[in-house]
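Atom set for the values below is all heavy atoms of this structure, side chains included, hydrogens, waters and symmetry mates excluded. In what follows, every chain begins at residue 1, and chains take the letters A, B, ... in the order their sequences are listed.
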Protein chains: 2
Amino acid sequence: MDEPALKMITQPDAATNPPAHEVIYRRLRDQILFGEIAPGQALTIQGLADRLSAGMTPVREAIRRLTAEGALVFQGNRRVCVPELTAENISEIIYARQWLESHLGLRATERATPAALTRLTEIDRAVDRAILAGDLRSYLQGNHAFHAMIYDLADAPILAEMAERLWLRFGPSLRVVIGRIGTQNLPDKHKDMLECMRTGDSEGAARAMREDMLQGMEQIRDMLDLSERDN
Amino acid sequence: MDEPALKMITQPDAATNPPAHEVIYRRLRDQILFGEIAPGQALTIQGLADRLSAGMTPVREAIRRLTAEGALVFQGNRRVCVPELTAENISEIIYARQWLESHLGLRATERATPAALTRLTEIDRAVDRAILAGDLRSYLQGNHAFHAMIYDLADAPILAEMAERLWLRFGPSLRVVIGRIGTQNLPDKHKDMLECMRTGDSEGAARAMREDMLQGMEQIRDMLDLSERDN
DNA sequence: CTCTGGAAAATTTGATCATATTCTTGGCGG
DNA sequence: CCGCCAAGAATATGATCAAATTTTCCAGAG
């Protein structure tokens, strides 16, 4: 009597699957992570709702998540904005990442499959291409993807989440730094890292991860020292 | 001419100041932190809205924050629940807390004022009273307050937030452990910690914090090993 | 005759929006 | 210079739609 096939015909909305607040969260998160929203810039819920052409309820939920993750902070009583890092903040982040990156790098090396190494090598090549092309956005995305994949390989979800969350804090500043000094002469310990992973040298991989992190963080710290001296 | 006192009379709503989603977040957070919501127990948004006699929007926002903090996880597609820890999870938490607690303890010792030491001693006495009385809830609250005050003294907001967030993960399990073995013969390195802080022995304070953490975590690990062996 | 398995309907739950209410803030007038 | 008023933004409620789970009912097999 009724057509059961009708449902499949009238259902091209498989793309609607992820809820709106999730989509908005992801978009805002990426925009913060890759520095498209400048540190210190104020955001309003209604402004975001208009800009992303969404209702304000999903925007509110996305903002709650991001403030809980430290990617946004309450400014005064009513507004939120991307926080501006201080030199002390960077020292804390360096201290935490020292432990996190080296440990995750070590575990990832112990667990890496050949397929994973192939994929990591591909990502690193994309990073190289972005550096040569001076493509800032692609560099930042690729660099993050490289570390994120290592976190994933490490099979330590809690530590990986802690590491990911720190990216949200220094990401905006990283963008400013790289945008200032250009994508040339960037530190890249990724080659060392890959070589250690291929040979199973987990201690060396931990050292490479730590050094790669340190070089990037030192650049941010130098910039912050300069701008704080200006005041 | 006009009565300025009138304002105070017509304004008994000073308690309305914190927004509802903030209040709900805090209540839920405490209930999770002190194990009043059992690990694995499913929660629904509407159920919570009824139980806390609130609208569902503030409840939704509170749940977003708590899931972002790892205090809740999505269960399937529809429900959220307090996560159950695995033995691997505990190992990760131990690794992270090893350097977090010791570093925060060291910094707190360097910055502690006499007034702060007095307050810490008071908190520790309250913990002792709770242990003697077998008052589980007061013990958990006091123990947390002791560590939270040290985090606060350390003046390292990012690291302190990381440490606080880990409490949300092992808090529910801690409640189960202590509820099982009783509040007697609990580890208490708080006395060592206070003595080191008084004498300015920051290295010793770091060691005391680490050992206090380790003793508590080992108890949780032992329980998890047992229950996983049961399966 | 009873038990089990599956399908469909109904109820419960979640997501989003529109709207009202409250609170902050900035400007204007005394 | 202070206080009041207005505009705008955020919070919170209720309604509405969509989705999922549960329950119920029926059929077939033991």
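Here C:dT12 presents its P atom at 15 Å from CE of B:Met56, a figure rounded to the nearest Å. In this structure, A:Leu52 places its CG atom 12 Å from P of C:dC17, rounding to the nearest Å. Here the C1' atom of nucleotide D:dA12 and the CD atom of B:Glu61 are 9 Å apart, to the nearest Å. Atom CZ of A:Phe74 and atom P of D:dA9 are 17 Å apart (whole Å). If you measure from atom CG of B:Leu48 to atom P of C:dT12, you get 17 Å, rounded to the nearest angstrom. For the pair A:Asp50 CG and C:dA18 C1', the computed distance is 15 Å after rounding to whole Å.
Across C:dA15, C:dT19, D:dT13, the shortest atom-to-atom separation from the side chain of B:Arg64 is found for C:dA15. With distances taken from any side-chain atom of B:Thr44 to the nucleotides D:dT13, C:dT13, D:dA10, the minimum falls on C:dT13. Here C:dT16 is the nucleotide among C:dT16, D:dA10, D:dT13 with the atom lying nearest to any side-chain atom of A:Pro58. Picking from C:dA15, C:dC17, C:dT19 the nucleotide with the shortest atom distance to the side chain of A:Pro19 gives C:dA15. Proximity note for A:Arg79 (side chain, C-beta onward) versus D:dA9, C:dT19, C:dC17: the nearest is D:dA9. Minimum atom distance to the side chain of B:His21 is reached by D:dA12, of the listed D:dA12, D:dT13, C:dT16. Among D:dG14, C:dG14, D:dA10, the nucleotide with an atom closest to any side-chain atom of A:Gln46 is D:dA10.
With rounding to the nearest 0.5 Å, the separation of CG in B:Asp30 from NE2 in B:His144 is 8.5 Å. Rounding to the nearest 0.5 Å places CD1 of B:Ile94 at 5.0 Å from CD of B:Glu218.
Annotation: of the two residues near DNA chain C, A:Gly55 and B:Ile45, the 5′-most nearest-nucleotide partner is B:Ile45.
Checking the phosphate oxygens (OP1, OP2) of D:dT13, no side-chain nitrogen or oxygen of B:Arg60 falls inside 4.0 Å.
A tilted orientation is assigned to the rings of A:Phe170 and A:Trp167, their planes being inclined by 30° to 60°. Relative ring orientation between B:Phe146 and B:His190 is described as parallel, the plane-to-plane angle staying below 30° on a 0-90° scale split at 30° and 60°. Between A:His103 and B:Tyr95, the two ring planes are parallel [angle under 30°; tilted spans 30° to 60°].
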